[in-house]
Amino acid sequence: AKKVGEDIAVMGIKSWLAIMDSNTSVRHKAVLGGALAYFVLPTDMVPDVMAGVGFTDDMAALTLAANSVGSAITEQHEQQARDKWHLMTE
C-alpha cells in the first residue's frame with residue numbers, strides 16, 4: 001500500500017511539474033490539469049474513502065493523462081518528482 005501511495009504521489013507531482021514547464025504544450029497542460037483536478041476533487045466515480053479501491057479511479061485518470069501526453073512528462077520531471085517525494089517523506 002505504501003508503494004502504491006508513493007506511485008500516486010509521484011504521478012501527481014510529475015504531472016504538476018510538466019504543467020509548470022514552459023516547454024509543455026497548452027494541450028498537454030490541459031490534459032494533465034484535468035487529471036489533477038479530478039484527483040483533488042472530493043467527488044468522483046469511486047469515493048476515496050472506500051478502503052483499497054478509493055484511489056484506483058484517481059490513479060487511472062492520472063495514468064491515462066500521463067500516457068496520452070507522451071514525452072511532455074520528461075525524465076527530469078520524473079526525477080524531480082521522486083526527489084520531492086523523498087524530501088517530503090523523510
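Numbering of residues begins at 1 and proceeds along the displayed sequence.
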Original post:
Among Asn23, Leu17, Ile19, whose side chain to side chain contact (heavy atoms under 4.5 Å, CB included) with Asp21 holds?
Top reply: Asn23

At their closest point, which heavy atom of [X] faces which heavy atom of [Y], and how far apart are they?
{"X": "Val10", "Y": "Ala81", "answer": "O-CB, 3.8 Å"}
{"X": "Leu62", "Y": "Phe39", "answer": "CD1-CD1, 3.9 Å"}
{"X": "Ala35", "Y": "Ala65", "answer": "CB-CB, 3.5 Å"}

Subject >> Arg82: partners by salt bridge (Lys or Arg N to Asp or Glu O under 4.0 Å), with sequence neighbours left out >> reply: Glu6, Glu78

Subject >> Linked, directly or transitively: Leu32 and Met20 (ILVMFWY side chains, under 4.5 Å) >> reply: yes

**OP:** Could you pull out all residues at least two apart from Met88 that satisfy side-chain contact (heavy atoms from CB on, under 4.5 Å)?
**Re:** Ile13, Trp85

Subject >> All pairs passing side-chain hydrogen bond (donor to acceptor under 3.5 Å, both in side chains) where residues 27-37 contributes a residue, at least two apart >> reply: Ser25-His28

Original post:
How would you list all residue pairs meeting side-chain hydrogen bond (donor to acceptor under 3.5 Å, both in side chains) that involve residues 62-75, not counting sequence neighbours?
Top reply: Thr74-His77

Original post:
For Ala18, does its backbone N or O pair with a side-chain atom of Thr24 as donor and acceptor, under 3.5 Å?
Top reply: yes

